[in-house]
Amino acid sequence: MAATLPAAPPGVTMLEARPMSDTPPPRVRTRFAPSPTGMLHIGGARTALFNYLFARHHGGEFLLRIEDTDRERSTEAAIRVILDGLAWLGLETDAPPLFQSSRHARHVEVAQRMLAAGHAYRCYLTPAELAELREKAKAAGRGMRIDSPWRDRDPAEAPAGAPFAIRLRAPREGQTVVEDLVQGTVRVANAELDDMILLRSDGTPTYLHAVVVDDHDMGITHVIRGDDHLTNTFRQVQVYDAMGWQAPRFAHVPLIHGPDGAKLSKRHGAQSVTEFRDMGYLPEALCNYLLRLGWGHGDAEILSREQAVDLFDIDGVGRAPSRLDPAKLAFINAHWLRVADDGRIAGEVLALLGRHEGLLGGAEAERRVRALLGALKERAKTLLDLADAAAFLLRPLPLPMTPKAEALLTAGNRAVLRELAATLAGVAFTPEALDAALREWCAAREMKLGAVAQPLRAALTGSTASPGIEAVLVALGREESLRRIAATAQG
RNA sequence: GACCCCUUCGUCUAGUGGUUAGGACACCAGCCUUUCACGCUGGUAACACGGGUUCGAGCCCCGUAGGGGUCGCCA
């Protein structure tokens with residue numbers, strides 16, 4: 001299931017394999033463009049999901065681009081985390097991932113073209129000069145915006161051999177408008193925007209520039225991304241305009257905040273999909289929850305992947321940021337846990353339990369867990385809960401008792417259990433037969449069912465809460481059940 | 001600080017000028033019951049505030065407040 005990690009193709013990108021000129025672009029092509037920082041953020045996961053669903057809904061394509069231009073942070077392990085995360089969520093792409101670092105030459109080429117066309121210029125500002133200009137701009141109350149003197153200076157005045165960055169010659173008049181599919185029409189005066197850097201003085205492209213070139217070359221029709229990119233979009237649009245390229249449609253999705261409304265951070269606990277997976281959430285549940293966070297469609301709450309593809313569209317995306325609600329996630333997860341395939345869940349639970357020392361393993365362990373799985377699933381919110389609740393099945397004898405269970409095992413109740421054991425020894429171990437036998441046994445003694453079921457539960461499970469007692473008996477089997485009763489009845 | 005965005009129950013949302021403002025989670029009560037869950041029934045709970053426009057505003061306009069985002073030769 002783990003995605004294979006394709007090596008960054010040296011010099012060869014999927015663009016060559018997919019000539020744009022002779023294949024008409026599909027109606028819709030989206031992309032998810034994470035930078036490999038070592039985790040797949042929950043917000044990123046939602047962005048990926050929206051891109052995936054949008055593409056699928058419209059019969060288009062969903063692509064992945066790894067923004068690995070920051071070589072320091074980009075490790076193979078970090079890339080693997082993203083690929084594994086997407087695979088776990090079931091968000092398969094329609095082509096191998098494109099590595100932004102492989103596109104360096106093209107980014108440079110486009111910047112050069114803009115330079116040649118006069119849409120960009122060489123800026124020889126030094127870091128010190130830059131800092132000074134920023135100070136002035138700040139003092140003047142113009143924000144942090146700076147104007148490079150090299151925009152209009154004669155290139156001949158440039159210090160020979162000095163390093164230079166290539167800046168966009170952005171329009172100074174008028175305004176730049178983004179017709180955002182989520183936020184509506186967003187506009188800013190061009191006077192508010194400074195000339196963004198396309199190529200750094202070391203010749204590497206900036207993110208803002210690379211994104212535009214890549215989105216264009218990849219034929220991306222819809223850029224669905226976090227709200228935090230909204231104001232950057234203006235600058236990107238200016239690059240599209242300068243190149244005479246048609247910009248894609250933009251859809252800026254509000255960010256996900258923590259339960260307290262502040263930006264999601266470490267102190268809110270889990271942030272990465274890996275963490276949610278490790279907490280026992282199912283991928284379909286996380287997707288369902290994430291889908292409903294920031295998107296709605298009437299009263300629809302529980303949605304399968306198929307339904308999501310069917311119903312999802314940008315017009316259902318809200319404009320306000322939303323908060324992560326662990327309780328609702330748990331509810332959604334409980335639902336998907338209940339309807340999940342038993343074999344799959346049993347495998348997960350057994351794997352979880354297998355990590356603990358001293359628990360029964362092997363075929364008998366599997367038989368017991370599978371026998372009780374249906375009842376266990378009803379009671380669990382997460383796989384971790386489920387494994388906890390199933391653990392008693394595999395515990396060796398003497399069973400640890402909760403205080404409440406202990407309190408139930410009075411001398412009188414132990415005597416009752418001894419007596420019951422004799423009856424149980426001769427009953428067929430099926431839920432129906434056991435239920436009938438228990439009721440009959442109680443009726444004969446004018447006892448309430450609960451009066452015997454609770455001590456029995458304590459003896460069998462070490463706890464006062466469990467699935468139906470006859471289901472527990474069946475799962476344990478006659479032999480083990482009698483052993484447990486005998487152990488507590490004597491002890 | 002400048003610019004941009006946002007604002008319906010605690011939370012996620014439905015709602016596009018006339019609704020008893022709907023649903024879901026959570027919470028509370030009851031039912032079911034051998035415990036715990038599930039399930040079922042019912043309940044508490046919202047249009048941030050102030051001005052307009054209109055016969056009529058949660059829906060349109062303008063302010064205010066609050067929240068968020070962006071201002072890097074990071075991505």
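Just so we're clear, the structure is a prediction, and the values are computed from it rather than from any experiment. To find a chain, count down the sequence lines: A is the first, B the second, and so on, and within it residues start at 1.
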Quiz item: Of the nucleotides B/C3, B/A75, B/U34, which one has an atom closest to the side chain of A/A453?
Solution: B/U34
Self-check item: A/H216 ring center near A/Y240 ring center (under 6.0 Å)
Solution: no
Exercise. Using whole Å, report how far CG of A/L438 lies from C1' of B/U33.
Key: 15 Å
Self-check item: Any donor-acceptor N/O pair under 3.5 Å between B/C73 base and A/S201 side chain
Solution: yes
Self-check item: Listed partners of A/R379 passing salt bridge (Lys or Arg N to Asp or Glu O under 4.0 Å), at least two apart
Solution: none
Quiz item: With sequence neighbours excluded, what pairs up with A/R65 under the salt bridge (Lys or Arg N to Asp or Glu O under 4.0 Å) test?
Solution: A/E67, A/D214, A/D215
Quiz item: Think A/R319 has a side-chain N or O under 4.0 angstrom from the OP1 or OP2 of B/G69?
Solution: no
Quiz prompt | A/R439 side chain near B/U34 phosphate (N/O to OP1/OP2, under 4.0 Å) | solution = yes
Practice problem: Ignoring backbone atoms, establish whether A/T231 has a side-chain N or O less than 4.0 Å from OP1 or OP2 of B/G69. | Solution: no
Practice problem: Identify whether any heavy atom of A/H297 sits under 4.0 Å from a base atom; if not, whether one sits that close to sugar-phosphate; answer base, sugar-phosphate or nothing. | Solution: nothing
Table of protein N/O atoms under 3.5 Å from nucleotides 8-12 of chain B N/O atoms:
| from | atom 1 | to | atom 2 | distance (Å) |
| --- | --- | --- | --- | --- |
| B/C12 | OP1 | A/R323 | N | 3.0 |
| B/C12 | O2' | A/R292 | O | 2.7 |

Could you list the donor-acceptor pairs under 3.5 angstrom formed between side-chain atoms of residues 447-458 of chain A and any protein atom two or more places apart in sequence or on another chain?
| from | atom 1 | to | atom 2 | distance (Å) |
| --- | --- | --- | --- | --- |
| A/Q454 | OE1 | A/R457 | NE | 2.7 |
| A/Q454 | OE1 | A/R457 | NH2 | 3.4 |
| A/Q454 | NE2 | A/T464 | O | 3.4 |
| A/R457 | NH1 | A/S466 | OG | 2.8 |
| A/R457 | NH1 | A/P467 | O | 2.9 |

Self-check item: Sugar-phosphate only, base, or nothing, as touched by A/P127 at under 4.0 Å among non-hydrogen atoms
Solution: nothing
Got a list of protein N/O to nucleotides 40-45 of chain B N/O distances below 3.5 Å?
none

Quiz item: Does OP1 or OP2 of B/U70 have a side-chain N or O of A/R145 closer than 4.0 Å?
Solution: no
Self-check item: From CZ (A/R46) to CG (A/L53), nearest 0.5 Å
Solution: 12.0 Å
Quiz item: Which residue pairs pass the side-chain hydrogen bond (donor to acceptor under 3.5 Å, both in side chains) test when at least one of the two sits in residues 429-438 of chain A, sequence neighbours left out?
Solution: A/D435-A/R439
Exercise. Select base, sugar-phosphate, or nothing to describe what A/D228 touches, counting heavy atoms under 4.0 Å on all strands.
Key: sugar-phosphate
Exercise. Have a look at A/R134 and say if it touches a base, only the backbone sugar-phosphate, or nothing, with a 4.0 Å heavy-atom cut-off.
Key: sugar-phosphate
Practice problem: In whole angstrom, give the distance that lies between atom CD1 of A/I256 and atom P of B/C5. | Solution: 22 Å
Quiz item: Quick one: salt bridge (Lys or Arg N to Asp or Glu O under 4.0 Å) partners of A/R153, sequence neighbours excluded?
Solution: A/E157
Self-check item: Sugar-phosphate, base or nothing in reach of A/L130, heavy atoms under 4.0 Å
Solution: base
Practice problem: Would you mind listing every side-chain hydrogen bond (donor to acceptor under 3.5 Å, both in side chains) that reaches into residues 327-336 of chain A, with sequence neighbours excluded? | Solution: A/N288-A/W336, A/E301-A/K328
Quiz item: Reckon A/L255 touches a base, only the sugar-phosphate, or nothing at all at heavy-atom distances under 4.0 Å?
Solution: sugar-phosphate
Exercise. Identify, with sequence neighbours excluded, every residue that meets salt bridge (Lys or Arg N to Asp or Glu O under 4.0 Å) alongside A/D195.
Key: A/R151, A/R172
Quiz item: In terms of the nearest nucleotide of RNA chain B, which residue is placed more toward the 5' end: A/Y207 or A/Q183?
Solution: A/Q183
